[in-house]
Amino acid sequence: MGREKELWKPGNMLYPVPAVMVSCQRPGERPNIITVAWAGTVCSDPVMLSVSVRKERYSYGILRETGEFVVNLVTKDLVCATDYCGVKSGRDVDKFKEMNLTPQKSQRIAAPGIDESPVNLECRVTRVVELGSHDMFLAQVVGVTVDKAYMDENGKFHLNDTELVAYSHGEYFKLGEKLGKFGCSVEKKAKHRTDR
């Protein structure tokens, strides 16, 4: 007999998701940050991602007008700033200033990244898909910067040492224990040898 389950009305229960801070800026105006939980990878060649934003959000107009933004990955140390940037509007406050965040000059677009983030994905919008409550911004990743503090002597970037954060059903979680790696289900087990 199967587990007992209850049917709910349709809802967004695809959790956990990455919590990211999206930075953007109109020319001549101060930069802004919007927290996005609905972001994801959509293509590897060309490298593309998506962010979904409500039309009434202050950053929505900036994204539509400029066609560019930076996705900044969130660490444990950035959780408070991430939450603040999701509940406060850039119409009313300077989020960089209020959260003591540093605008980082991007290499390929005008919008700045967030210096305190270990990974900054510079993006150029290719298409906006109008969906309903949210519009989805499809964007090509045109540049990536990473924090050298997480690079080893062989030039390998240790992303999972940055203490990344996920968002699940209204709560933030630090990623933790490694449970496996891609291909582990079909990987041949090493044969144990004993010396006699």
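Atoms considered below: every heavy atom in the structure, side chains included; atoms not considered: hydrogens, waters and symmetry mates. All figures in this text were calculated on a predicted structure; none of them were measured in a lab.
The closest donor-acceptor contact from the side chain of S50 to the backbone of L138 lies at 3.5 Å or more, if one exists at all. Between the side chain of K174 and the backbone N or O of K76, no donor-acceptor pair lies under 3.5 Å. With hydrogens and angles disregarded, no donor-acceptor distance shorter than 3.5 Å links the side chain of N120 to the backbone of D115. For N72 (side chain) and M21 (main-chain N/O), a donor-acceptor pair under 3.5 Å exists by modelled atom type.
For Q107 against E122, the heavy-atom pair with the smallest separation is N-OE2, 2.8 Å. Residues P118 and Y150 share a closest heavy-atom pair of CB-CE1, 4.1 Å. Shown here for A166 and P16, the closest heavy-atom pair between the two residues is CB-CB, 4.0 Å. Nearest heavy atom pair, residue L63 against residue E68, reads CD2-O, 4.0 Å. Between R108 and G143, the shortest heavy-atom distance links the atoms NH1-CA, 4.1 Å. Contact between A39 and V20 at its shortest, heavy atoms only, is CB-CG2, 4.0 Å.
For the side chain to side chain contact (heavy atoms under 4.5 Å, CB included) test, residues two or more places apart in sequence or in another chain that qualify with K156 are D152, H158.
Following chains of ILVMFWY side-chain contacts shorter than 4.5 Å, one cannot reach V51 starting from V17, and the two form parts of different hydrophobic clusters. By the criterion of side-chain heavy atoms lying less than 4.5 angstrom apart, applied directly or through intervening Ile, Leu, Val, Met, Phe, Trp or Tyr residues, Y167 is grouped together with M99 in one hydrophobic cluster. Cluster membership for M136 and V47, using ILVMFWY side-chain heavy atoms within less than 4.5 angstrom, is not shared. Both L175 and V119 belong to a single network of hydrophobic side chains, linked directly or stepwise wherever heavy atoms of I, L, V, M, F, W or Y lie under 4.5 Å apart. No continuous path of ILVMFWY side-chain contacts below 4.5 Å connects F173 to V79, so the two sit in separate hydrophobic clusters.
Heavy atoms from other residues, nucleotides or ligands lying under 6.0 Å from CZ of R30 number more than 12. For CG of L131, the number of neighbouring non-hydrogen atoms (other residues, nucleotides, ligands) closer than 6.0 Å is greater than 12.
No side-chain heavy atom of L78 sits under 4.5 Å from any side-chain heavy atom of V165. Proximity of T145 to Q104: side-chain heavy atoms (C-beta onward) are separated by under 4.5 Å at one or more points.
In this structure, CG on N32 lies 13.5 Å from NZ on K88, to the nearest 0.5 angstrom. Taken to the nearest 0.5 Å, the CZ atom of R64 stands 14.0 Å off from the SG atom of C24. Atoms CD and OG, on E56 and S133 in that order, are 8.5 Å from each other to the nearest 0.5 Å. Between I114 atom CD1 and T102 atom OG1 the span is 9.5 Å, to the nearest 0.5 Å. One finds the CD1 atom of I34 at 9.0 Å from the CD1 atom of I62 (value rounded to the nearest 0.5 Å). In this structure, OG on S23 lies 10.0 Å from CG on L101, to the nearest 0.5 angstrom.
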- Item | Derivation of the side-chain contact (heavy atoms from CB on, under 4.5 Å) call for D77 and E116 | CA-CA 9 Å; D77 293 339; E116 289 77 9; over 6 Å; no
- Query: Given D147 and T162, is the side-chain contact (heavy atoms from CB on, under 4.5 Å) satisfied, shown in steps?
  - Reply: CA-CA 9 Å; D147 189 334; T162 64; over 6 Å; no
- Task: Take E65 and R26 through the test salt bridge (charged side-chain N to carboxylate O under 4.0 Å, His left out) and record every step on the way to the result.
- Result: CA-CA 8 Å; E65 291 168 33; R26 281 190 186 99; 2.8 Å; yes
- side-chain hydrogen bond (donor to acceptor under 3.5 Å, both in side chains) between Q25 and T66, intermediate numbers included: CA-CA 8 Å; Q25 183 176 20; T66 64; over 6 Å; no
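For the side chain to side chain contact (heavy atoms under 4.5 Å, CB included) test with T35, the passing option among V22, V74, V87, T82 is T82; the others fail.
For residues 6-31, the ring pair (Phe, Tyr, Trp, His ring centres under 6.0 Å) pairs, not counting sequence neighbours, are Y15-H169. Residue pairs meeting the ring pair (Phe, Tyr, Trp, His ring centres under 6.0 Å) criterion with at least one member in residues 58-105, sequence neighbours excluded: Y60-F137.
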